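Quick note on labels: first sequence line is chain A, next is B, and so on, each numbered from 1. Since the structure is predicted, the reported quantities are computational estimates derived from the model, not experimental observations.
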Amino acid sequence: MEKLAYDFYNRADVLTIARELLGKVLVTQFNGIATAGRIVETEAYAGENDRASHAYGGRRTARTEVMYGRPGTAYVYLCYGIHHLFNVVTNREEVPHAVLVRAIAPLQGIPDMLLRTGRAKPDHSLGRGPGNVSRALGITTRYTGWNLASREMFIAQDGFAPAAAEVAVTPRIGVNYAGEDALLPYRFILKDSPYVSGKKQVRS
DNA sequence: ATGCCGATGTCCT
DNA sequence: GGACATCGGCATC
């Protein structure tokens with residue numbers, strides 16, 4: 001597998017990056033435990049002009065500072081006091097764009113993912129939803145600011161590339177507070193993946 | 001299948 | 001004090 005290079009993240013169009021992250025592989029190797037999953041759902045957050053973004057209006061806090069930093073770093077923050085949500089910082093420095101990874105299809109280290117998430121058997125909930133993604137991969141806020149080309153945490157390409165017909169675009173989840181920006185088509189999913197988050201999922 | 005609820009760090013008013 | 005890029009469990013239909 002080939003790690004995504006700096007130039008992949010250092011681009012101006014966060015929507016293109018969010019779309020292209022579909023099918024890529026997110027890998028963690030913390031404490032010698034290797035786990036990996038294929039990204040099947042992403043959301044773009046377009047920084048200062050996006051009401052749904054933590055950086056809306058150019059807001060800078062200790063938490064959001066990494067979004068203003070180097071493209072290709074991890075922005076991990078705590079949501080609702082419980083869930084660690086994993087994002088990829090994009091665009092050049094000082095432009096706080098990011099892509100939230102909302103779901104993965106588990107590829108490697110499934111027994112360790114089960115241990116981390118307290119499940120007995122793998123099912124479609126294992127990598128579904130941004131909180132579950134981080135739990136399965138062992139990602140916590142201590143890894144915010146980490147380079148995504150590091151040995152312990154990176155995104156790679158293994159040759160899988162979804163066709164345009166397999167990709168759907170929808171509004172983002174859980175951003176109703178963002179007014180009109182909640183309607184923007186900034187969420188990208190692999191249509192047929194059972195791991196994609198959202199309301200209706202029947203099979204197990 | 002749908003809905004309510006509790007958990008609870010960070011940021012804002 | 002309240003809202004928030006959520007989740008899982010339980011109650012109810």
Side-chain angles (χ1 to χ4, degrees), chain A residues 14-15 17-19 21-22 26 37 39-69 73-91 95-106 113-145 148 155 168-189 193-204:
Chain A
V14 68
L15 296 175
I17 298 172
R19 158 70 181 80
L21 279 172
L22 291 178
L26 176 56
I39 296 169
V40 298
E41 176 179 358
T42 61
E43 282 179 358
Y45 285 84
E48 308 189 7
N49 299 316
D50 180 356
R51 288 186 138 76
S53 171
H54 290 165
Y56 175 63
R59 191 171 59 208
R60 289 179 98 123
T61 67
R63 181 179 69 158
T64 62
E65 190 62 29
V66 298
M67 276 200 285
Y68 293 83
T73 60
Y75 170 48
V76 187
Y77 78 95
L78 205 55
C79 182
Y80 294 101
I82 295 181
H83 304 289
H84 301 252
L85 269 56
F86 171 81
N87 302 251
V88 180
V89 175
T90 72
N91 213 309
V95 181
H97 290 189
V99 176
L100 171 67
V101 175
R102 290 190 55 90
I104 58 167
M113 293 186 186
L114 293 176
L115 283 176
R116 285 168 173 162
T117 59
R119 286 171 170 77
K121 292 198 279 192
D123 63 19
H124 295 331
S125 73
L126 186 53
R128 181 160 69 206
N132 286 331
V133 168
S134 295
R135 266 212 289 173
L137 295 174
I139 297 171
T140 66
T141 55
R142 73 181 244 122
Y143 297 108
T144 197
L148 284 173
I155 299 176
V169 187
T170 80
R172 293 170 292 188
I173 303 292
V175 296
N176 294 331
Y177 62 91
E180 292 184 355
D181 289 352
L183 304 175
L184 294 170
Y186 281 9
R187 174 172 175 252
F188 298 85
I189 62 176
S193 173
Y195 292 95
V196 165
S197 72
K199 295 281 155 68
K200 52 169 188 249
Q201 287 293 338
V202 185
R203 282 181 298 279
S204 69

Practice task
Answer with base, sugar-phosphate or nothing: what part of the nucleic acid does A:R59 contact at a heavy-atom distance below 4.0 Å?
Solution key: sugar-phosphate
Exercise for the section: Please determine if A:R128 and A:D123 form a salt bridge, counting it only when a charged side-chain N lies under 4.0 Å from a carboxylate O. Expected result: no
Next item on the list: Scan A:R51 against the nucleic acid and name what it touches under 4.0 Å (heavy atoms): base, sugar-phosphate only, or nothing.
Entry: nothing
Worksheet entry | Any A:R102 side-chain nitrogen or oxygen under 4.0 Å from OP1 or OP2 of C:dT6 | yes
To the nearest angstrom, the CZ-P distance between A:R63 and B:dT10 comes to 9 Å
Worksheet entry | C:dC13 versus B:dC5 - spacing of their P atoms, nearest Å | 14 Å
Whole-Å distance, A:L85 CG to C:dC7 C1', equals 11 Å
Whichever of A:A98 and A:N132 has the more 5' nearest nucleotide on DNA chain C, that residue is A:A98
Here the distance between atom P of C:dT6 and atom CD1 of A:I173, to the nearest Å, is 8 Å
Separation of B:dC12 atom P from A:Y56 atom OH, nearest Å, is 14 Å
Side-chain contact check for A:T61: nearest option of B:dC12, B:dG9, C:dT6 is B:dC12
Under 6.0 Å from the CZ atom of A:R51, do we count more than 12 heavy atoms belonging to anything else shown?
no
Comparing A:N176 with A:P130, nearest DNA chain C nucleotide closer to 5' gives the residue A:N176
note: A:R60, atom CZ; B:dC12, atom C1'; distance rounded to Å ~ 19 Å
Can you tell me if A:R135 and A:T117 form a side-chain donor-acceptor pair at under 3.5 Å? no
In whole angstroms, the gap separating C1' of B:dT8 from NE2 of A:H83 amounts to 10 Å
Does the pair A:E43/A:R102 count as a salt bridge with the N-to-O cut at 4.0 Å?
yes
For residues A:T42 and A:R19, is any side-chain donor paired with an opposing acceptor at under 3.5 Å? no
Whole-Å distance, A:R128 CZ to C:dT6 C1', equals 14 Å
For A:R119, report the nucleic acid contact type (base, sugar-phosphate, nothing); a contact means any heavy atom under 4.0 Å.
sugar-phosphate
C:dA3 -> Watson-Crick or G-U wobble partner, both distances under 3.5 Å, gives B:dT10
Rounded to whole Å, the CD1-C1' distance (A:I82 to B:dT10) equals 14 Å
